[in-house]
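Just so you know, these numbers use all the heavy atoms, side chains as well, and skip hydrogens, waters and symmetry mates. Naming convention: chains lettered A, B, ... in sequence-line order (proteins, then strands); numbering from 1 in each chain.
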Protein chains: 2
Amino acid sequence: MLLQNPTKQAAVTTADKVFEQLQFAIVEGEMAAGSKISEPELAKHYQISRSTLREALNRLEKCHLIERKPNVGSRVVNCTIEGLLELYITREALEGMACRQAALNMTDEEIAHMQDMLTQHAGDKALQDGVAYYQEKGDLDFHYKVILGSHNKQLIELICGQLYHLIRMYRCQFGMNSPRASRAFDEHSRIIQAIADRDGELAEMLMRRHIAASRKNIENKIAKEMAQKEQNKIQLIKS
Amino acid sequence: MLLQNPTKQAAVTTADKVFEQLQFAIVEGEMAAGSKISEPELAKHYQISRSTLREALNRLEKCHLIERKPNVGSRVVNCTIEGLLELYITREALEGMACRQAALNMTDEEIAHMQDMLTQHAGDKALQDGVAYYQEKGDLDFHYKVILGSHNKQLIELICGQLYHLIRMYRCQFGMNSPRASRAFDEHSRIIQAIADRDGELAEMLMRRHIAASRKNIENKIAKEMAQKEQNKIQLIKS
DNA sequence: TTAAGTATAATTGTCGACAATTTTTAATTT
DNA sequence: AAATTAAAAATTGTCGACAATTATACTTAA
């Protein structure tokens with residue numbers, strides 16, 4: 001599914017390439033969350049030296065996909081419910097502000113382009129009952145465009161370069177293709193409207209609500225899963 | 001002046017120690033902003049191998065104090081007015097949210113402790129016409145307490161672990177010991193009040209205004225300096 | 001049998017050297 | 001003299017080996 005972030009340039013050095021592969025492996029769950037990373041083992045697997053691997057590990061650490069302890073080693077980051085909620089709260093703050101800045105700083109061309117994109121997505125959506133597709137690609141496209149539209153390097157780097165790797169990881173690990181597609185689509189078009197009106201305050205508020213709604217949706221889903229598990233346990237005891 | 005961030009643990013590895021020294025050198029301006037970094041030279045200066053130095057450079061890159069281009073090298077980050085404004089906008093978003101979370105998550109003990117701190121600062125302030133001291137240590141103490149009070153690891157890591165290094169750098173480089181001490185003090189006490197009232201919405205709004213006011217203060221100062229320079233230029237031409 | 005201590009093995013941190021790439025310098029041509 | 005090209009120097013990326021630290025296995029004592 002790829003869906004790489006739009007800010008990064010092509011990987012030139014081998015450490016970069018290995019970084020990308022590892023990133024993919026972690027996000028997709030091929031490397032289990034929380035598992036220990038053996039430098040000699042991984043280096044052998046990718047047929048590179050430990051120095052090069054460590055360079056790649058440093059980049060993984062930069063986007064919070066692994067955690068390192070001095071003299072002990074690295075672990076793939078753990079996906080917890082608390083972590084997910086903390087992540088979404090941070091995202092709400094950053095992307096909310098990015099959206100406000102986008103309303104102030106986007107060029108008319110950029111706005112027009114984003115409106116086109118949404119129209120096109122609307123077509124796709126109608127075409128294929130629009131759940132799966134819109135959820136994945138369309139959603140990310142929209143959010144990336146807004147973030148880049150802020151024209152704020154600091155925000156762009158923090159959100160695209162760091163936060164979104166983790167978000168994608170959580171999405172994969174927790175299997176989050178939530179059924180909010182059509183509602184999300186409406187929210188997106190309202191946000192674009194606010195940006196087109198150059199109404200930064202409203203744009204920020206709508207984006208924050210949009211992300212908060214997504215967060216609450218996840219909370220509910222997890223709560224249900226927990227209840228389901230509990231139910232299964234009871235069933236098991238009875239039998 | 002030190003003022004190290006409160007989240008980091010003692011440096012155990014030599015790369016860590018060199019990282020701290022370099023961080024200090026960059027923030028204080030001993031290494032000029034925008035200047036090129038020579039790995040062989042720096043390694044020789046600190047009497048370490050290039051591998052170790054590169055490990056330190058990776059940490060510097062993590063907190064955005066240097067920038068690296070593959071196959072070209074590293075440069076100390078450049079302090080521009082645009083960068084400063086972008087930084088403060090990001091800070092407003094993150095610390096605003098941290099303040100909201102602090103209002104929800106701080107323990108009563110933590111709040112009491114913060115109130116004590118402010119009272120003590122009030123004393124210090126009265127004692128010594130309270131400009132210099134409060135501006136530096138008191139201000140940072142307050143902000144760190146609020147951020148940690150959010151109990152949100154993601155926010156804490158982003159703000160304390162990354163953003164604040166840059167903020168300290170800008171403060172040093174642009175000589176920002178602005179005369180907002182007494183007003184800042186009042187703003188701080190209102191924020192604490194909102195936190196004590198568990199009013200997250202108000203707490204966030206006050207923190208955002210507090211930071212925005214600081215940003216505008218800097219904008220004004222820089223505008224004045226620009227005007228002064230212009231004046232000098234005219235004077236020079238006349239003579 | 002469990003707990004503590006010790007020896008062994010494995011892992012991480014650091015080092016110096018070589019390879020690949022870029023920058024600088026010099027030479028050549030227009 | 002300026003621009004283009006080629007060679008040389010310097011810098012970054014990568015490698016394998018050793019040192020320091022941590023984790024494991026084993027022995028010994030309570």
Please report the distance, rounded to the nearest Å, between CG in A:Asn58 and C1' in D:dT14. 15 Å
Taking atom CD as the centre, does A:Gln47 end up with more than 12 heavy-atom neighbours from other residues, nucleotides or ligands that are less than 6.0 angstrom away? no
Provide, to the nearest angstrom, the distance between the CZ atom belonging to B:Phe19 and the P atom belonging to C:dG13. 16 Å
Please work out if A:Ile37 contacts a base, only the sugar-phosphate, or nothing of the nucleic acid, heavy-atom cut-off 4.0 Å. sugar-phosphate
Counting only side-chain N and O atoms of B:Lys17, is one of them less than 4.0 Å from OP1 or OP2 of C:dG13? no
Considering just the side-chain nitrogens and oxygens of B:Thr52, establish if one lies under 4.0 Å of OP1 or OP2 belonging to C:dC15. yes
Using only heavy-atom distances, decide whether a donor-acceptor pair under 3.5 angstrom links the side-chain of A:Ser51 to the base of D:dG16. yes
Under 4.0 Å between a side-chain N/O of A:Thr14 and OP1 or OP2 of D:dT14, yes or no? yes
Between A:Arg68 (CZ) and D:dT22 (P), how many Å, whole number? 15 Å
Rounded to whole Å, how long is the line connecting atom NZ of B:Lys44 with atom C1' of C:dT14? 20 Å
Evaluate the ring planes of A:His143 and A:His210, with Trp represented by its six-membered ring, and classify them as parallel (under 30°), tilted (30 to 60°) or perpendicular (over 60°). parallel
Gap between atoms CD and P, on A:Glu39 and D:dT21 respectively (whole Å): 17 Å
Nucleotide C:dG16, atom P - distance to CD1 of B:Ile48 in whole Å: 11 Å
Audit row: B:Ser35, B:Arg75, side chain to side chain contact (heavy atoms under 4.5 Å, CB included) steps and yes/no: CA-CA 6 Å; B:Ser35 63; B:Arg75 304 193 85 91; 5.9 Å; no
Would you say B:Lys36 reaches D:dT12's phosphate, i.e. side-chain N/O to OP1/OP2 under 4.0 Å? yes
Would you please indicate yes or no on a ring centroid separation below 6.0 angstrom for B:Tyr88 and B:Tyr170? no
Side chain of B:Thr13 - closest among D:dG16, C:dG13, D:dT11: C:dG13
Go nucleotide by nucleotide along DNA chain D from the 5' end; which of A:Val72 and A:Ala15 gets its closest nucleotide reached first? A:Ala15
Looking only at side-chain atoms of B:Arg54, point me to the closest of C:dG13, D:dC15, D:dT14. D:dT14
Looking at A:Arg50, I'd like to know whether one of its side-chain N or O atoms comes within less than 4.0 Å of OP1 or OP2 on C:dT12. no
4.5 Å side-chain heavy-atom contact, B:Thr14 and B:Glu55: no
Side-chain contact check for B:Asn71: nearest option of D:dT21, D:dT14, C:dT22 is C:dT22
Would you kindly give the CG-to-C1' distance between A:Leu53 and D:dG13, to the nearest whole Å? 15 Å
So which nucleotide from D:dT14, D:dT12, C:dT12 ends up closest to the side chain of A:Ser49? D:dT14
Between atom CD in A:Glu55 and atom P in C:dT14, what is the gap in whole Å? 15 Å
